[in-house]
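The structure appears below as structure tokens.
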2 protein chains.
Amino acid sequence: MDSLTEENYIKSIYALSQATGEVFVSELAKKLNVKQPSVNSMMKRLASKKVVSYAPYKGIRLTEKGKKEALSIIRRHRLAELFLVKVMELGWEEVHDIAEQLEHVDSKRFYSRMDEMLNFPKFDPHGEPIPDSNGKIHTQKRTSLSELVEGLTAIIAAVGEDEKSFLDHLNAKGLQIGDAVTLKKREPFDGSVTLQHKSKKEILLTHQVAERIWVE
Amino acid sequence: MDSLTEENYIKSIYALSQATGEVFVSELAKKLNVKQPSVNSMMKRLASKKVVSYAPYKGIRLTEKGKKEALSIIRRHRLAELFLVKVMELGWEEVHDIAEQLEHVDSKRFYSRMDEMLNFPKFDPHGEPIPDSNGKIHTQKRTSLSELVEGLTAIIAAVGEDEKSFLDHLNAKGLQIGDAVTLKKREPFDGSVTLQHKSKKEILLTHQVAERIWVE
DNA sequence: TTAATTTGTTAGAACAGTCTAACTTTTTAA
DNA sequence: TTAAAAAGTTAGACTGTTCTAACAAATTAA
């Protein structure tokens, strides 16, 4: 078993390696708010536990074992976030810090019940995929309205936010889940988008709103 | 702020002092599964933090500050247990270990939402009172199965003990919180009781067990 | 290509929390 | 009332996690 601290290192290494594949000591130190020697000594420990492969002056890389552990932590974090938003109705901006603590709870049952209650969700409230209990990630990335190609038509599949004010806003714009929309134009300046709706009406959404709407 | 370890010491001191008022180093060491010198050095620390009053060879006693902290931890533990049972529908015998972890989560919002969702409960699933957010405890008499009048039917509201072996025992007998039971007979000789259960089965409990079950 | 900068390392200290071994004080019982 | 047992303490060590100071390697820019 890993300590809480080790889990945080593993999670951060995974997150940073998503972009680059390899992680630098300095990056990790910055992310975790510790100094480089702390990272250095932790890498020695994690290497001896075979969760990272690490040689002096070479980058840090998770082993297969390490990746598995990272995915398990990420699963717990994302399930917790979704649970806090959907079941406990907390604001999506306030759940991160709580999920950061809940992710370290050691109890298979706790998480399997969350999973059940949320009906085995594939994505967290931010649209990030939730690994399943075997560490498998549903890789088909979700597309948000803010990244849809101009001219294409898509169906609104979900919104990444359940807040009443947000849903009210969409309602006021005349948008519903299941509606087909065509992306007429995206403003390069502020990322706002103009949609053609089935109702023939044109709808303007800010980037902030568009990026929280998932389409298929 | 207290560390997780400090919180566990404070909680245990409170629990042990409920009976006697004063706690011995050896008691506490046993309860926390550590050796006496560990308790000794922790007492020095907690004394310097003014959460216990402690002088060599004298007993350990929580200060007002310490009591307040203990009640806050106990509140979090009991809210968590009730939440796990009522909202997450976990078995009452499996929630203790999870609550033991959740009680250390640092987030007012998390607990105030639990409290709201549970409609500001006064007792946890074991019938223990839940301190309110100011540390006030609602004391109110409860009836145990061992004092229920013969022939009456009641609903199992709570059990007064957290031990897994006890909860397992009840489970094995087929008893759950919320079950209706009718008291068929109480043996004057040993105080054991025979219950008629909703499942039509008759269940025999010893006095020792019956007095730890609260009914409504 | 050398010098400056960035990045990474080692050595050594500190703190939290634990332990064992040895000792002291208090309590209990012969 | 004194000897044995129980309870409590101190000293010193160890692990996990962090730090600062000093040095070494790699990268970047002059």
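Just so it is clear: chains get the letters A, B, ... in the order the sequence lines come, proteins before strands, and each one is counted from 1. Just so we're clear, the structure is a prediction, and the values are computed from it rather than from any experiment.
- The A:Lys44 side chain lies nearest to C:dT10 when the options are C:dT10, D:dG8, D:dT9.
- Within 4.0 Å (heavy atoms only), A:Ser41 reaches at least one base atom of the nucleic acid.
- Between B:Lys185 and B:Glu202, no side-chain nitrogen of the basic residue sits less than 4.0 Å from a carboxylate oxygen of the acidic one, so the salt-bridge criterion is not met.
- Base contact: A:Ser38 has a heavy atom under 4.0 Å from a base atom.
- Look at CG on A:Asn8: it is 10 Å from P on D:dT17, rounded to the nearest Å.
- One interatomic measurement links the two molecules: CD of B:Glu6 to P of C:dC15, which rounds to 15 Å at whole-angstrom precision.
- Distance, B:Tyr57 OH to D:dG8 P: 9 Å, rounded to whole Å.
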Before giving the answer on side chain to side chain contact (heavy atoms under 4.5 Å, CB included), spell out for B:Tyr9 and B:Val39 the whole-Å C-alpha distance, their side-chain angles and the decisive distance to 0.1 Å. CA-CA 9 Å; B:Tyr9 273 90; B:Val39 171; 4.1 Å; yes

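- Atom P of nucleotide C:dT6 and atom CD of A:Glu27 are separated by 16 Å, given to the nearest angstrom.
- Within a 6.0 Å radius of NZ in B:Lys50, other residues, nucleotides and ligands contribute 12 heavy atoms or fewer.
- Distance from the side chain of A:Thr5 is smallest to D:dT17 among D:dT17, D:dT9, D:dT20.
- Between the P atom of D:dT17 and the CD atom of A:Glu7 lies a distance of 11 Å, rounded to the nearest Å.
- Position along DNA chain D of the nearest nucleotide to A:Lys58 versus A:Gln36 favours A:Gln36 as the more 5'-ward residue.
- Between B:Lys67 and B:Glu64, at least one side-chain N (NZ, or NE/NH1/NH2) sits under 4.0 Å from a carboxylate O, which counts as a salt bridge.
- Among the heavy atoms of the strands lying under 4.0 Å from B:Ser26 are primed sugar atoms or P, OP1, OP2 only; no base atom is included.
- Rounded to a whole Å, the CE atom of B:Met42 is 8 Å from the C1' atom of C:dA16.
- Distance, A:Lys35 NZ to D:dC23 P: 20 Å, rounded to whole Å.
- For the pair A:Tyr54 and C:dT9, the criterion of a side-chain N or O lying under 4.0 Å from OP1 or OP2 is met.
- Across the protein-nucleic acid pair, A:Asn40 atom CG and D:dC19 atom P stand 13 Å apart, rounded to whole Å.
- Note on A:Tyr9: a side-chain N or O is less than 4.0 Å away from OP1 or OP2 of D:dT18.
- Ion pairing between A:Arg76 and A:Glu7 holds under the 4.0 Å rule for side-chain N and carboxylate O.
- Between D:dT17, C:dT20, C:dT10, one nucleotide has an atom nearer to the side chain of B:Pro37 than all others, and that is C:dT20.
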